[in-house]
Amino acid sequence: MKNLTTLAFAAATLAGPTFAQDTTLRMQTIEPSLGQAITMATFANVVTANLDGVSIEVAGGGAATLHQIEAARGNLDMYMTSPVIHMLMAGGRAMYAKEPEAPELSENVQVLMWFPYGQYHYAVRADSDLTTLDDIEGATVFIGPQGGGAYNTAKGWIEATTGLVAGEDYEAITANWQTGYQSFLSGNVDMYVNGCIDPCQQFIQFTETESVRFIGPESHEGEAVDKFMGRFRSLAEVPVGLYENQTNDAAVMSHDTAVGIGVRADLDEETVYQITRTFWENLDSITSDAPWAAVLDPAYAGQQLGGQKFHPGAARYYAEIGVN
């Protein structure tokens, strides 16, 4: 998987007869070590390796919310989207409240595919006294970079299921993804949270030398949970037996959502059609190196979520295979 990711982020240009001239697309994604960035980099690698004349160059780091507006302004070709951040951009709300052109710009970005963000894993050491999320009162935790989508999602799940409030009932450290993970490795935080499609490289690395236990809430039912789930989140279990030194004897309930690869709306329709087709037709070639990729599904990818339209090139491919 590390080799695959390295290749994806290198994204060497291939020449060929498919297009009149070489086409290089610019993809920006989030922190490269995160599962969602690896999914996007894998997409870029598969397309670059199998579609003559097209290269997707990937840069990692930064916030998807910023990448979305940069793509809408024409400064990027591809980025990570979600139903929620596009909805906020279209409404000029939250992080887009100070961008008066955001609602108009939201028409300039469309969807190529959706994929699962991955279950949120609430991880503790196997010998920890924390056996459920309800036990984290007084604990020090990393739930994501403060102000980011992952932080707010994990914070919301904990509050909805346990009533515990970040900053009041437990300490959520201020750190980026890399520092947060290192804090868990060194034992400086009691719980580490990461949403990813299993197997996640962070937990593969951690369980090489230590045992991990994933925890969930005592109850995942109630009005507060229903409100938290909204339209775009779903309940999702973290199964047993995912990692060699995982000590859970039963699955724990967590949550998931959809994210996707967004594209500039004015990208050439045939180009988007070809890269969409190439990815899905060649996905099986990399699942032995990237076993998590087995959960990627064109039926999931082509569903309509929120108000963001599919790019006509992607929509044409999904219509051809009977998805939409």
Side-chain angles (χ1 to χ4, degrees), residues 1-14 16 18 25 27 29-60 78 80 112-121 123 177 181 194-212 214 236-246 248 251 254 256 258-261 274-303 314 317-318 320-321 323:
M1 184 164 62
K2 291 180 180 178
N3 290 338
L4 183 65
T5 305
T6 300
L7 286 171
F9 276 91
T13 302
L14 300 180
T18 303
L25 301 175
M27 173 186 283
T29 187
I30 56 176
E31 164 61 41
S33 67
L34 296 178
Q36 302 77 28
I38 292 172
T39 299
M40 294 181 66
T42 300
F43 175 94
N45 187 57
V46 169
V47 172
T48 300
N50 292 281
L51 184 58
D52 288 347
V54 171
S55 174
I56 302 177
E57 296 180 347
V58 186
M78 310 172 79
M80 191 178 93
L112 187 148
M113 63 175 281
W114 297 113
F115 60 92
Y117 183 89
Q119 308 99 309
Y120 276 66
H121 298 65
W177 284 108
Y181 181 57
N194 189 357
C196 51
I197 301 172
D198 292 302
C200 312
Q201 67 176 19
Q202 288 81 2
F203 299 122
I204 292 173
Q205 179 184 349
F206 183 80
T207 55
E208 287 176 352
T209 57
E210 298 204 49
S211 297
V212 71
F214 300 116
E237 288 186 335
V238 178
V240 299
L242 295 171
Y243 304 95
E244 183 176 356
N245 288 317
Q246 177 186 348
N248 298 81
S254 187
D256 198 350
V259 291
I261 298 177
Q274 291 294 342
I275 63 177
T276 306
R277 177 192 62 79
T278 298
F279 175 70
W280 290 113
E281 290 185 356
N282 291 279
L283 179 61
D284 289 348
S285 67
I286 55 92
T287 52
S288 60
D289 292 322
W292 52 266
V295 307
L296 301 181
D297 178 8
Y300 187 102
Q303 65 183 314
Y317 174 75
Y318 294 123
E320 286 181 356
I321 64 172
V323 168

Using only atom types and a distance under 3.5 Å, with no angle test, would you say the side chain of Asn245 pairs donor to acceptor with the backbone of Thr207? yes
List the residues meeting side chain to side chain donor-acceptor pair (under 3.5 Å) with Ser33, not counting sequence neighbours, and say none if there are none. Glu31
Quick check: does any side chain N or O of Asp256 sit under 3.5 Å from a backbone N or O of Gly118, one acting as donor and the other as acceptor? yes
Rounded to the nearest 0.5 Å, what's the gap from CE on Met40 to CE on Met113? Could you check? 9.5 Å
Ala123 to Val212 - nearest heavy-atom pair and separation: CB-CG2, 3.8 Å
Listed partners of Phe115 passing ring pair (Phe, Tyr, Trp, His ring centres under 6.0 Å), at least two apart: none
Quick check: closest heavy atoms across Tyr317 and Glu281, and the distance to 0.1 Å? OH-CG, 4.4 Å
Could you walk me through whether Gln274 and Val54 pass the side-chain contact (heavy atoms from CB on, under 4.5 Å) test, one step at a time? CA-CA 9 Å; Gln274 291 294 342; Val54 171; over 6 Å; no
Can you tell me how far CH2 of Trp292 sits from CD1 of Ile38, rounded to the nearest 0.5 angstrom? 7.0 Å
Flag, side chain of Gln246 to backbone of Leu242, donor-acceptor distance under 3.5 Å: yes
Of the non-hydrogen atoms in Ala294 and Thr287, which two are nearest, and what is the gap between them? N-CG2, 4.1 Å
What's the verdict on side-chain contact (heavy atoms from CB on, under 4.5 Å) for Ile275 and Leu112, showing C-alpha distance, side-chain angles and the deciding distance? CA-CA 9 Å; Ile275 63 177; Leu112 187 148; 3.7 Å; yes
The reported gap from CH2 in Trp280 to CD1 in Ile321 (rounded to nearest 0.5 angstrom) is 8.0 Å
Is there a donor-acceptor pair closer than 3.5 Å between any side-chain N or O of Thr48 and the backbone N or O of Ile56? yes
On a heavy-atom basis, which atom in Val323 and which in Gly302 lie closest, and how many Å separate them? CG1-CA, 3.7 Å
Nearest heavy-atom approach of Tyr300 to Pro116 is CE2-N, 3.5 Å
Would Ile197 and Tyr117 satisfy side-chain contact (heavy atoms from CB on, under 4.5 Å), going step by step from the backbone distance to the final call? CA-CA 7 Å; Ile197 301 172; Tyr117 183 89; over 6 Å; no
For residues Asn194 and Leu34, determine if any side-chain heavy atom of one lies less than 4.5 Å from a side-chain heavy atom of the other. yes
Those residues at least two apart in sequence (or on a different chain) that pass salt bridge (Lys or Arg N to Asp or Glu O under 4.0 Å) with Glu237 are none
Do Gln119 and Pro239 have side-chain heavy atoms sitting under 4.5 Å apart? yes
Return the CG to CG distance between Asn282 and Asn50, rounded to the nearest 0.5 Å. 3.5 Å
Over 60° means perpendicular and under 30° means parallel, so classify the ring planes of Phe279 and Phe43, tilted if in between. tilted
Looking at residues at least two apart in the chain, or sitting in another chain, which of them share a side-chain contact (heavy atoms from CB on, under 4.5 Å) with Ser254? Tyr120, Tyr122, Val238
Taking all non-hydrogen atoms of both residues, which atom of Ile204 and which atom of Pro199 are closest, and how far apart? CD1-CB, 3.9 Å
Intermediate values then yes/no, side-chain contact (heavy atoms from CB on, under 4.5 Å), Glu57 and Met27: CA-CA 6 Å; Glu57 296 180 347; Met27 173 186 283; over 6 Å; no
Closer than 3.5 angstrom, by distance alone: can the side chain of Gln303 be matched with the main-chain N or O of Trp114 as a donor-acceptor pair? no
Say you draw a straight line from CZ of Arg277 to CG of Leu51; how long is it, rounded to the nearest 0.5 Å? 6.5 Å
Test of understanding: with side chain to side chain donor-acceptor pair (under 3.5 Å), list the residues that count as partners of Glu244, not counting sequence neighbours. none
All ring pair (Phe, Tyr, Trp, His ring centres under 6.0 Å) counterparts of Phe214, not counting sequence neighbours: His121, Phe203
Any side-chain donor paired with an acceptor under 3.5 Å for Tyr243 and Asp198? yes
